[in-house]
Amino acid sequence: MNAVTRLAVCALLVAPFLSACGNSVSPVSVPTAPIAPVASGPVFGEPKIAITEDRPGVVTTVILKSKLDGKDIPITLFEPLEMKKGAHMPLIIIGHGWGGSRSKARDFYTNGVNPLGMYAITFDQRGFGESGGTVRAMDPDYDGQDLVQILDWAESLPGLARYADGRMAVGSMGGSYGGMFQFALMGSDPLHRLRVIAPDVAPFDLNMALYPRGVLKSGWGAQLLAGLVPPLGKADPITLGIFGMGPASSKLDASQQNFLAYHSLRYFCEGLPAKPQSFALGTADTFMVPPGPLPKIDAFITQGFRDTLFNFNHAVDTYDCLSKLGGDVRLHTHQSGHVFSQASITNVPGAEEGLDPAYAAVTLPNSGDVTGNHACGTVNSGDVTFAFFAEKLQGKTGAMDAALKVGHNICISLRQGDAIAVKSVKQGGQSYTLDDSMMQLSGPLSAVAAVAGEPVRELLLATQILDTIPAGGRIIAGIPTMDIVLKDYAGATPTCTSGSVACDPILFIGIGWRKAGQTRFDLIDDQVMPLRGFGAHTGRMVGIAERLEEGDQLALLVYGLHPQYPLDVSRDALAPVVTMSGSVALPLLAPDEIEQDGGL
């Protein structure tokens, strides 16, 4: 499969435990009944350059020279299959994932838009493929300027559709890093030409994604680092420092965090001021692009619940940000994304059920369950994406409603083939008080609780059973919240300053689910949240969704180490145990909070 369809790190080949390789945007065939382009002339206005004769569409490669630093920007232009005299044809920009490169031949995605009478452009992101420069994690000062230059070049395409104000009709699609480019282009283009986007599993805030609550995601960091190794990518000293040196301490310094903040959609959405950067190696950003405001954006956002790199919270934040701008914004979830399932016990058919009795004696480490497809219920996100472009870029009213089954509601994928629709994402909910009568293990000693059998974990309160599902079942769907306090062995909260000892405990928590009659608790959607340091830990955990049956149980699962964070165990030998108190609140949905259940 061509690299433009690849998930960021799935292109690496060195990541044997990544699943759903190649699925950053749903790999669907061209719809059997393609949406016909509008046949009544211009979409909203007249092209600047008309198509003067009928001819077959061609595929052309062009190498642009960056106006910023002269580096190569390779692009491939895919004309529609038929270039028709007088036609008006929108443009779709398609981005590849981390470690990937552009498609140079027609594939699932170009074959999805070209038959609709649309141009497509693929390009090598800076530092990847045949491009010049280094990988700077979607830097507005570099990547953003390259993307603006691509749009400038495309302005002269014959028959390029335009809105009534003369602005080009352009959309974008791509997953992971291919979703990030869409945000960078939205924010970096002073003309705000890109206002129709379709990002999949893309981050809202790179600090929240890579450094949640002050703990570096070392498992994913290793995979991202591999994508910077030639021939896959050309590392910048700054990104190399983040992914290569950060795991040594499980910390990022202020300049590294400021670097990631400037490269995030959050910078544009919230109008955050850029903060100073200073690096011994590498060039700091000069903040060429001011924060916001963004124009009204139409967006079809897709997100995998099992994604442990850019989790569901990112999609919710993106949805909230863009909805406030007044555009038509939809959120459609699925069961794929960035996952670690290839090394998981549950990736072997029948293994989870067959090994369940063993969990009474030992808990087998599991980095993530097997991934699913890109459908919410039975509705494939790729098919809806093409309908989205037809409506927003060709004026085909009703195309989205015909493709979706939830209208403007949010489609929540509970598992493969099972989904519900809700008006909004529930955050928090039913509250449960935690039992603090047993201290939690932090640091190397926590391996004991991590691999202990389920009865021992429950005795240690590493598994705290919260609820048993009553008759009729329940649905948990949304973002759990927490109000937790970590104290030392004496029940005190130490006063910690820079350089203090006995002040750096690290725990990982998530919501577990045990099917009726089974021994093992499974992390719902494989999601864990790190807690670092003594004191209060409040706010959101990671979004989850699952249908629960009568007799199933929910629990808070606590770990001192976890396979998704293999290098992030606490190094503080003087804080081997902590007391954890407080509460968690779970988004268990009431019937009136579900707009649609079944038929999706």
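What you see is a predicted model, and the numbers here were worked out from it, not measured in a lab.
The closest side-chain heavy-atom distance from I75 to W153 is below 4.5 Å. Here the side chains of I479 and F312 are in contact, with some heavy-atom distance below 4.5 Å. The shortest distance between side-chain heavy atoms of F243 and L228 falls below 4.5 Å. Taking the side chain as every heavy atom from C-beta outward, L185 and V148 approach each other to under 4.5 Å. By the 4.5 Å heavy-atom criterion applied to side chains, F389 and V113 are counted as neighbours. Between V542 and V528, every side-chain heavy-atom pair lies at or beyond the 4.5 Å cut-off. No side-chain heavy atom of M529 sits less than 4.5 Å from a side-chain heavy atom of F508. The shortest side-chain heavy-atom distance between I92 and V196 does not fall under the 4.5 Å cut-off.
Under the 3.5 Å distance criterion, the side-chain polar atoms of Q149 are matched with a main-chain donor or acceptor of K67. With hydrogens and angles ignored, the 3.5 Å screen pairs a side-chain donor or acceptor of D307 with a backbone N or O of H338. Using modelled atom types, no side-chain atom of T239 and backbone atom of A235 make a donor-acceptor pair closer than 3.5 Å. No donor-acceptor distance shorter than 3.5 angstrom exists from the side chain of N380 to the backbone of A375, with no hydrogens or angles considered. Looking at S570, its side chain does come within 3.5 Å of a backbone N or O of D572 through a donor-acceptor pair. Looking only at distances, no side-chain donor or acceptor of D236 sits under 3.5 Å from a matching main-chain atom of V135. Panel note: side chain D568, backbone V215; no donor-acceptor pair is recorded below 3.5 Å. Between the side chain of Q182 and the backbone N or O of A202 there is no donor-acceptor pair closer than 3.5 Å. The closest donor-acceptor contact from the side chain of S131 to the backbone of Q125 lies under 3.5 Å. A donor-acceptor pair under 3.5 Å links the side-chain atoms of S103 to the main chain of A105, judged by distance alone.
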For T76 and T61, what are the C-alpha separation, side-chain angles and deciding distance, and is it a side chain to side chain donor-acceptor pair (under 3.5 Å)?
CA-CA 4 Å; T76 297; T61 291; 3.2 Å; yes

Checking side chain to side chain contact (heavy atoms under 4.5 Å, CB included) for the pair L507/Y559: CA distance, chi angles, key distance, verdict?
CA-CA 6 Å; L507 297 179; Y559 308 91; over 6 Å; no

Using side chain to side chain contact (heavy atoms under 4.5 Å, CB included), reason through I476 and I524 one step at a time and then give a plain yes or no.
CA-CA 10 Å; I476 185 169; I524 299 180; 4.2 Å; yes

Please evaluate residues L557 and I509 with respect to the criterion side chain to side chain contact (heavy atoms under 4.5 Å, CB included), reporting the C-alpha separation (whole Å), side-chain torsions for both, the decisive distance (0.1 Å), and the verdict.
CA-CA 6 Å; L557 305 185; I509 63 171; over 6 Å; no

How far apart are the C-alpha atoms of L486 and H537, what are their side-chain angles, what is the distance that settles it, and do they pass the side chain to side chain contact (heavy atoms under 4.5 Å, CB included) test?
CA-CA 8 Å; L486 298 185; H537 297 268; 3.8 Å; yes

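Residues M180 and L206 share a closest heavy-atom pair of CE-CD1, 3.8 Å. Among all heavy-atom pairs drawn from F300 and V384, the shortest one is CZ-CG1, 3.4 Å. Looking at every heavy atom in both residues, T308 comes nearest to K217 through O-NZ, 2.9 Å. What you find for P505 and V578 is that their closest heavy atoms are CB-CG1, 3.4 Å. Across every non-hydrogen atom of R213 and R540, the tightest pair is NH2-O, 3.8 Å. Between A575 and F534, the shortest heavy-atom distance links the atoms CB-CZ, 4.3 Å.
With S413 as the fixed residue, the side chain to side chain donor-acceptor pair (under 3.5 Å) test singles out one of R306, H334, Q335: Q335. In summary, of the residues considered (D141, D285, D143, D69), a salt bridge (Lys or Arg N to Asp or Glu O under 4.0 Å) with R136 occurs for D285 alone.
Proximity of the aromatic rings of F123 and F181 is defined here by a centroid distance below 6.0 angstrom, and this criterion is met. When ring centroids are compared, F259 and H263 come within the 6.0 Å threshold. Here the two rings, on Y262 and F287, have centers that are under 6.0 Å apart. Ring-centre distance between H96 and Y177: not below the 6.0 Å cut-off. Between Y565 and H562, the ring center distance fails the sub-6.0 Å criterion.
Distance check, rounded to the nearest 0.5 Å: CZ of R126 to OG1 of T134 gives 7.0 Å. For the atom pair OH (Y142) and CD (Q145), the distance works out to 10.5 Å, reported to the nearest 0.5 Å. Between atom CG of residue L64 and atom CD1 of residue I73 there is a gap of 5.5 Å, rounded to the nearest 0.5 Å. In this structure, SG in C269 is found 9.0 Å from CG in D317, a value given to the nearest 0.5 Å. The distance from the CD atom of Q527 to the CG atom of L523 is 8.5 Å, given to the nearest 0.5 Å. The CG atom of L147 sits 7.0 Å away from atom OG of S188, with the distance rounded to the nearest 0.5 Å.
No more than 12 heavy atoms of other residues, nucleotides or ligands sit less than 6.0 Å from atom NZ of K71.
Residues T110 and D107 bring a donor and an acceptor atom of their side chains to less than 3.5 Å of each other. Judged by distance alone, the side chains of Q277 and S255 never bring a donor and an acceptor atom under 3.5 Å apart. T302 and D200 share a side-chain donor-acceptor pair at under 3.5 Å.
Ion pairing of R520 with D522 is present here, as a side-chain N (NZ or NE/NH1/NH2) and a carboxylate O approach within less than 4.0 Å. Salt-bridge formation is not detected for the pair R195/D298: no Lys NZ or Arg NE/NH1/NH2 atom is positioned less than 4.0 Å from an Asp or Glu carboxylate oxygen. Between D504 and R532 there is a salt bridge, with a side-chain nitrogen of the basic residue lying less than 4.0 Å from a carboxylate oxygen of the acidic one.
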